[in-house]
Amino acid sequence: MEAKTKDLWVFVETNEDGTAKNVGLELLTPGRMMAGKQGGELVAVVIGNNVEAAVNAASAQGADKVIVVEGPEYAHFSTDAYAIALVSLVEKYGPTSMLIGATNNGRDLGPRVSCRLKTGLTADCTALDIDPESGNVAWTRPAFGGNLMATILCPDHRPQIGTVRPGVFKKGEAGEAKAEIIKEDIHVDAKDIRTQVLELIKDMDSESVDLEGAEIIVSGGRGVGGPEGFEPIKALAGVLGATVGASRAAVDAGWIPHSHQVGQTGKTVGPKLYIACGISGAIQHLAGMSGSDVVVAINKDPEAPIFDVADYGVVGNLFEVLPVLTEEIKKARV
Ligand SMILES: Cc1cc2nc3c(=O)[nH]c(=O)nc-3n(C[C@H](O)[C@H](O)[C@H](O)COP(=O)(O)OP(=O)(O)OC[C@H]3O[C@@H](n4cnc5c(N)ncnc54)[C@H](O)[C@@H]3O)c2cc1C
């Protein structure tokens, strides 16, 4: 389809309680910059049931307009209901580009919508800009196991759609909520919703691990040697008020749940301080944490690539270094 406007849309996914998921609000940050370069407005799209909180949050985060679709059929995410609503909004308003958070639901919704609209989608992007030559969105994402960064354009079809990793962009400061709110009455027949949610079971562990929002992360890798090797990591995290992270090697070994994994197939994090213990610094791990403000590495091997990205490094055995560090921090805090 042809774009009718130069507007950029951000799909702001909601939680069951009508609040906004962080990623949608984060995406308003690059969205603002890109909408400016495209010469259009920044529009947030909120679909759900009783979503006033999400609408206000998107407005306070600087959206020019918020388009809202509400109804009981949107109370839980469903591919059919959400895709029908989003496609009909796009057909009506014709945005030129659209960002969707690469959450489980976003990864499900994005391709469905792009296929119905017969347009391009770049999945799981980690960097965004506007290509200065063509004015198209330049979608950048890791490819080939993270060994190559690919920048992808969608020159001939609109809207240009991409899903974007949570945690890559930082949410701006909330300001005055002054967006124009547009309510759209779109309802989906029960017969058109082919999935039925019988029960939602909360994963208690992943609920409690907020790596993306953490200010300090202490991570362990294969060097911790076993599940008990995470004890000194947890002790240091305890005195720092930090969240515990892990490399994929530690997760694959079953030493810690996947919800702690940092990296290309785990979470992308951007804390003020990232302490990597017994982690070699493989490219797929770095893909998830190189946006940290300060990186400290503790590793036995002075040649480990993690030292290339570390601001401070200790060459040593983590089982000797961590207890000393933990004690010193405790003393400094008294
Ligand atoms: C498609 C794909 C996706 C991937 N996604 C991810 C991902 O999301 N996240 C991720 O982390 N990896 C990911 N990987 C795996 C990645 O390539 C590495 O295998 C992994 O990151 C290695 O983890 P590690 O650094 O803990 O282990 P290793 O590379 O084995 O490093 C262990 C380090 O610990 C040090 N060490 C050992 N004992 C001690 C000690 N007592 N004290 C101090 N240091 C010690 C060693 O010197 C070594 O540097 C992915 C791979 C592929 C192919």
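Worth saying up front: this structure is predicted, and the values here are computed from it rather than measured. Position 1 is the first residue of the sequence, and the numbers go up from there. All ligand and atom numbering here is 1-based and tracks the order in the structure.
- Atom 5 (N) of ligand 1 has its closest protein heavy atom at Thr265 OG1, 2.6 Å.
- With ligand atoms numbered from 1 in the order given, ligand 1 contributes 7 (C), 8 (O), 9 (N), 10 (C), 11 (O) to contacts under 4.0 Å with heavy atoms of Val262.
- Not a single N or O atom of Ala246, backbone or side chain, sits closer than 3.5 Å to an N or O atom of ligand 1.
- For ligand 1, the atoms lying closer than 4.0 Å to a non-hydrogen atom of Gly221 are 26 (O).
- Within the 3.5 Å criterion, the main-chain N or O of Ala287 finds no donor-acceptor partner in the side chain of Ser290.
- Atom 36 (N) of ligand 1 has as its closest protein heavy atom Gly223 CA, 3.6 Å.
- Distances below 4.0 Å separate heavy atoms of Gln264 from the following atoms of ligand 1: 7 (C), 8 (O).
- Atom CG of Asp189 has more than 12 neighbouring heavy atoms from other residues, nucleotides or ligands inside a 6.0 Å radius.
- Checked by atom type, the side-chain pair Tyr274/Ser219 shows a donor-acceptor distance below 3.5 Å.
- For the atom pair CG of Asp80 and CZ of Arg194, the computed distance is 4.0 Å after rounding to the nearest 0.5 Å.
- Here the protein heavy atom with the shortest distance to atom 21 (O) of ligand 1 is Ala282 CB, 3.8 Å.
- Within ligand 1, the atoms closer than 4.0 Å to a non-hydrogen atom of Gly263 are 7 (C), 8 (O), 9 (N), numbered from 1 in the order shown.
- Among protein heavy atoms, the minimum distance from atom 45 (C) of ligand 1 is reached at Lys300 CG, 3.8 Å.
- Under 4.0 angstrom from ligand 1, the non-hydrogen atoms of Ser247 come from both its backbone and its side chain.
- How far NZ of Lys267 is from CG of Asp210: 8.0 Å, rounded to the nearest 0.5 Å.
- Those atoms of ligand 1 with a heavy atom of Gly266 less than 4.0 angstrom away are 8 (O).
- Salt-bridge check for Asp293 with Lys272: failed, with every basic side-chain N at 4.0 Å or more from each acidic carboxylate O.
- Close contacts of ligand 1 with Asp301, meaning ligand atoms under 4.0 Å from a residue heavy atom, involve 47 (O).
- Between Lys171 and Glu26 there is no salt bridge, since no side-chain nitrogen of the basic residue lies less than 4.0 Å from a carboxylate oxygen of the acidic one.
- Contact atoms of ligand 1 toward Gly316: 42 (N), 43 (C) (distance under 4.0 Å to a heavy atom of the residue).
- For ligand 1, the polar-atom distance check finds an N/O of Gly278 within less than 3.5 Å of one of the ligand's N/O atoms.
- The protein does not reach atom 19 (O) of ligand 1 closely, with no heavy atom under 4.0 angstrom from it.
- In this model, no donor atom of one side chain and acceptor atom of the other lie less than 3.5 Å apart for Asn105 and Thr103.
- Of the protein's non-hydrogen atoms, the one nearest atom 31 (O) of ligand 1 is Ser280 CB, 3.3 Å.
- Ring orientation note: the planes of Phe77 and Tyr82 are tilted relative to one another, at an angle of 30° to 60°.
- Between Lys178 and Asp64 there is no salt bridge, since no side-chain nitrogen of the basic residue lies less than 4.0 Å from a carboxylate oxygen of the acidic one.
- For ligand 1, the atoms lying closer than 4.0 Å to a non-hydrogen atom of Gln261 are 6 (C), 7 (C), 8 (O), 9 (N).
- The protein non-hydrogen atom at the shortest distance from atom 3 (C) of ligand 1 is Arg248 NH1, 3.1 Å.
- A salt bridge does not link Glu41 to Lys6: none of the charged nitrogens lies less than 4.0 Å from a carboxylate oxygen.
- Among protein heavy atoms, atom 48 (C) of ligand 1 sits closest to Asn299 ND2, 3.8 Å.
- At least one N or O atom of Leu318 sits closer than 3.5 Å to an N or O atom of ligand 1.
- Of the protein's non-hydrogen atoms, Gln284 OE1, 2.7 Å is the one closest to atom 17 (O) of ligand 1.
- Crowding of Glu16 atom CD: a count of heavy atoms from other residues, nucleotides or ligands under 6.0 Å exceeding 12.
- A side-chain contact (heavy atoms from CB on, under 4.5 Å) with Leu325 is found for exactly one of Val296, Leu236, Leu318, namely Leu236.
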